[in-house]
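Notes follow the structure.
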Amino acid sequence: MTLTSHHIPAESSVPYDPATVEHKWQERWQAQRASSPDLDNAERRFYQLMMFPYPSAEGLHIGNLFAFTGNDIYGRFQRLQGHTVFEPIGFDAFGIHSENYALKVGIHPMELIPRNIENFRRQLRRAGLMVDWSRELSTTDPRYYKWTQWIFVRLLENGLAYRKKGAVNWCPECKTVLANEQVIAGECERHPGVKVEQRFLEQWFFRITDYAHRLLGDLDWLDWSESTKSAQRNWIGRSEGAEVLFDVPGGERIAVFTTRPDTIFGATYMVLAPEHPLVATVTPAERRAMVREYVERSTKKDLVSRKVGEREKTGVFTGAFAVNPATGAHVPIWIADYVLMEYGTGAIMAVPGHDERDFDFARQHDLPIVRVVAGPGESADTPIDGITHHDDGTLVNSGAFDGLSVQEGTRRIVEWLAERGAARTVVNYRLHDWCISRQRYWGPPIPVIYCDECGPQPVPDKDLPVVLPFIADFRPDDTGVSPLARHEEWYRVACPKCGTLGRRETDVSDTFLDSSWYFLRYPSTEFDDRPFDVARTKRWLPVDQYIGGNEHAVLHLLYSRFITMVLQELGYVEFEEPFKKFRAHGHIIREGAKMSKTKGNVVNPDQYIEEWGADAFRTYLMFLGPFEEGGDFRDRSISGVKRFLDRLWASVHEADASAAPEDAVMRKLHQTIKKVGEDIPRLSYNTAIAAMMEYMNVLRASERTPRRAEVEPLVQLVSPFAPHIAEELWERLGHRRSVFDSGWPTYDPSLVVRDTVEIAVQVNGKLRGNVTVSREATQDEVLAAALATPAIAKFVTGEPKKVVYVPGRLINIVV
RNA sequence: GCGAAAGUGGCGGAAUUGGUAGACGCGCAGGACUUAGGAUCCUGUGGGGAAACCCGUGCGGGUUCGAGUCCCGCCUUUCGCACCA
């Protein structure tokens, strides 16, 4: 379709040309700084935040624009409600995405990224977002990452950053260490099919596990999408249980973590993770070679087969025994890689009778299996055949504890063991400390200098930022060091403490550190001597509403909360939760299928904006499904929304200013004002648009000429969705100021309720007709009216046994 | 396996606390205007039936005057986590 084909009847004057209108208003908004609020004098502030994008070379895709538009509509609505709205934008431009793409096309990221950002700016501007471009930021800007480094230094000074050598996830394709969160089922998140290997490197970690309790607790009151909260709860993975000590004759004690201490009488063997420090100590000399061989084999295994791939349970007997503190029995100590060093204590008491994994292992290695819990209909002697972990059973074969419920048994057994110093109640979290080291080039250098005399020293604040140098050979290799480690001229520096020659840390930090605080920076982008201004931060944070994808439910959102908690604890901010409200937007599929490069159904929003205009495109994106659920983008369906805007345009131009508005139309208008005003805050944009379309149908029913008073408020209602056409029409209606400063129309409650209502009449629950009665009609009046209708009365055979009347809705006559 | 969400016309989707299922839009059909229509406007559009009516929200039960909505038991799909003791 071409623009010239939109014929508006000649008498309606100017045809609607989206390109002209949109260009005009985008220019004007920019010239008037219409979207840059005065941050220091805002009375009723509203900080509407959208997750900043990674500026890919492909440009914005429909999914990005769906999210941005939904965010923008909320922001514009708040503005119409009289708030000073701050809707900032930035670019998350560091990281492996950008670097890998740069490597692929052979262009340096320092050249590539500005180019991509420029393209994103162009696309975002075309979409007509109410974004404050004067406060745009990029994580790759030294003025920004100076403060990312500053945050690292604060954590280091306060003991929250530490160095640790340990098994890390290594992607042979990215040639770098990955965070646990970036490993999907043992494979690299960026390279599906590529197995992540274990490597042992010195890394920087943040003590996020110290905050597990608070991170979990706050979820109870945060106003966030339930799905996001549940993903975080899962990730933090709290389990209550007990730590139980098993003595090894000869002096050692092995601590195990269990959530089922009630089953201890069934612990017939124990298992250490291959990496467990006591493996070597406990193993008698004659079995050391064999054990060492097993340990080497399993630690070399990549994490795929270790964690998900091979489910058959391998292991080796150490030759040593430990004493079960409940039974006093000597139980064999095994080593097996189904026990993970990172969780609990890296050792378990194995209860094959009531744990599926232990059961499999015991069967394979002929270890005794004992029933200690009897479920409903089972006794102490019921044979065990597999999955047998009852939460609702009673204890059996458990000495003095026989007959107790699982809950009671758990409590009593822990008490009993605790008296003898063999157990204590503990809470365990699945969450690991956050590894922030990356052996790559495209990130902020970690601001540390190593000195042979003084050890690792933070770079003093006055020397920040540690600027990432331009180097041509930024390709990573598999030596485990960053490309920066090949540049002695860069990493050779004096120790800030003693002045002797030291060496810079050559790793860069995780992108998630960049994005863990950007929302604090936005209101303070003009300050170079502080990360965030005290007064500005106080006025503008925490964020009022945050919109983003649920793919960041655990990574970015958890890290941002953690960093904010730390900054609060250190006295830099006054709140511990950065986002009061978070809503996850849905995802767009296209013509019933997921958009993907391989399917070739990814489309560039530019083409739609050119063909239909940004207003129609925005409105269609919001119309195709609930914002929090996403929807199916179907090319043909845009025409419906375009038609709606065409009719809006025509209605304003045709509107009769002299004729009085019609009552019925005005009632519908006020109902629509109410509906749209209620739908937008709950992100029900699709139904808000449907309501406006419905009103349009009333407005233009049977080719009637709309009255000006009927049309004018509709322009305001439409404005958050289709801002350009709304501004243009508002101006054509004779207004001097922007429609966004016109205030949200109010509705007259008396016009929303009707004088007469249609009551559905049911007989025995089946709909048999309608009667129209006054709003205040009593049950008897409605019943009489219903029985006076022959089509209804014929179903009422005899005296009604019961009548149910729901005023204003229906009446049900039971015969 | 665990956790979360969801199954409604040909399609995308409405139905805020149990109260007229299918709003709104696409598509389709018929008509008007027109040299023309892939523009615009009007009318119709869940299925069956000539009609009266009957049947209909993944499946099977239940509660209720009344169930898409609540309860019990299944099936399917999507997403997240996955040997977490």
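Labels below follow one simple rule: chain letters A, B, ... track the order of the sequence lines, proteins then strands, and each chain is numbered from 1. Below, each value reflects all heavy atoms present in this structure, side chains not excepted, and no hydrogens, waters or symmetry copies.
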Taking B/G22 as the reference, what is the distance to B/C11 when you measure between their C1' atoms (whole Å, please)? 13 Å
Reckon A/Asn812 touches a base, only the sugar-phosphate, or nothing at all at heavy-atom distances under 4.0 Å? base
Considering only atom P, compute the distance from B/G31 to B/G25 and round it to an integer number of Å. 23 Å
Hey, is CZ on A/Arg809 packed in by over 12 heavy atoms from elsewhere, all under 6.0 Å? no
Side-chain N or O of A/Arg768 less than 4.0 angstrom from OP1 or OP2 on B/U20? no
Report yes if a side-chain nitrogen or oxygen of A/Arg260 is closer than 4.0 Å to either non-bridging phosphate oxygen (OP1 or OP2) of B/C84; otherwise report no. no
In whole angstroms, how far is the P atom of B/G19 from the CD atom of A/Glu758? 18 Å
Does A/Lys794 put a side-chain nitrogen or oxygen below 4.0 Å from OP1 or OP2 of B/C53? yes
Starting the side chain at C-beta, find the nucleotide from B/A82, B/G19, B/A85 nearest to A/Leu810. B/G19
Atom pair distance, as rounded to whole Å: CD1 in A/Ile680 and C1' in B/U16: 16 Å
Check whether the ring centres of A/Phe66 and A/Phe627 lie less than 6.0 Å apart, and answer yes or no. yes
Can you say whether the rings of A/His552 and A/Phe512 are parallel (under 30°), tilted (30 to 60°) or perpendicular (over 60°)? perpendicular
Base partner of B/G73, which must satisfy Watson-Crick or wobble distances under 3.5 Å: B/C59
N or O in side chain of A/Lys766 less than 4.0 angstrom from B/C55 OP1/OP2: yes
Tell me whether the side-chain N/O atoms of A/Asn550 come closer than 4.0 Å to OP1 or OP2 in B/A5. no
A/Asn550-A/Ser225 side chain donor-acceptor pair, cut-off 3.5 Å: no
Taking the same atom, P, in B/G27 and in B/G38, what whole-Å distance lies between them? 12 Å
For A/Asn697, report the nucleic acid contact type (base, sugar-phosphate, nothing); a contact means any heavy atom under 4.0 Å. sugar-phosphate
B/G25, OP1 or OP2 - any side-chain N/O from A/Arg643 closer than 4.0 Å? no
Between A/Asp358 (CG) and B/C83 (P), how many Å, whole number? 15 Å
Rounded to whole angstrom, note down the C1' distance from B/A5 over to B/C53. 40 Å
What is the distance, to the nearest angstrom, from the CD atom on A/Glu678 to the C1' atom on B/U16? 9 Å
OP1, OP2 of B/A85 versus side-chain N and O of A/Ser239: anything below 4.0 Å? yes
Base, sugar-phosphate, or nothing: which does A/Glu226 touch, judged by heavy atoms less than 4.0 Å apart? nothing
Please name the nucleotide paired to B/C2 by Watson-Crick or G-U wobble geometry with both distances under 3.5 Å, or report none. B/G80
Taking only N and O in the side chain of A/Asn686, is any of them less than 4.0 Å away from OP1 or OP2 of B/G12? no
Syn or anti conformation of B/G9, syn meaning chi within 90° of 0: syn
Do you see a donor-acceptor pair shorter than 3.5 Å between the side chains of A/Asp433 and A/Thr209? yes
Under 4.0 Å, counting only non-hydrogen atoms across every strand here, what does A/Ile348 touch: a base, just sugar-phosphate, or nothing? base
5′-ward residue of the pair A/Pro626/A/Val814 relative to RNA chain B: A/Pro626
On RNA chain B, compare the nucleotides closest to A/Arg636 and A/Arg357; which residue's is nearer the 5' end? A/Arg636
Are A/Glu240 and A/Arg238 ion-paired here, with the side-chain N under 4.0 Å from a carboxylate O? yes
Determine: side-chain N/O of A/Lys594 to OP1/OP2 of B/C79, distance under 4.0 Å, yes or no. yes
With heavy atoms under 4.0 Å as the rule, sort A/Phe795 into base, sugar-phosphate or nothing. sugar-phosphate
Rounded to whole angstrom, note down the P distance from B/U45 over to B/C24. 12 Å
Confirm from the modelled atom types if A/Lys801 and B/C65 form a donor-acceptor pair under 3.5 Å, side chain to base only. no
Mind checking who B/G44 pairs with, Watson-Crick or G-U wobble, both distances under 3.5 Å? B/C28
Under 6.0 Å between ring centres, would you say that holds for A/Phe623 and A/Tyr685? no
Contact class for A/Gln762 (heavy atom, under 4.0 Å): base, sugar-phosphate, or nothing? base
Could you tell me whether the phosphate oxygens of B/C41, OP1 or OP2, come under 4.0 Å of any side-chain nitrogen or oxygen in A/Arg647? yes
Base, sugar-phosphate alone, or nothing: which one does A/Arg704 contact when heavy atoms must sit under 4.0 Å apart? nothing
Salt-bridge criterion met for A/Arg363 and A/Asp358 (N-O under 4.0 Å): no
Please give the nucleotide sitting opposite B/C65 as a Watson-Crick or G-U wobble pair, both distances under 3.5 Å, or none. B/G19
Would you mind classifying the nucleic acid contact of A/Arg634 as base, sugar-phosphate or nothing, using non-hydrogen atoms under 4.0 angstrom? sugar-phosphate
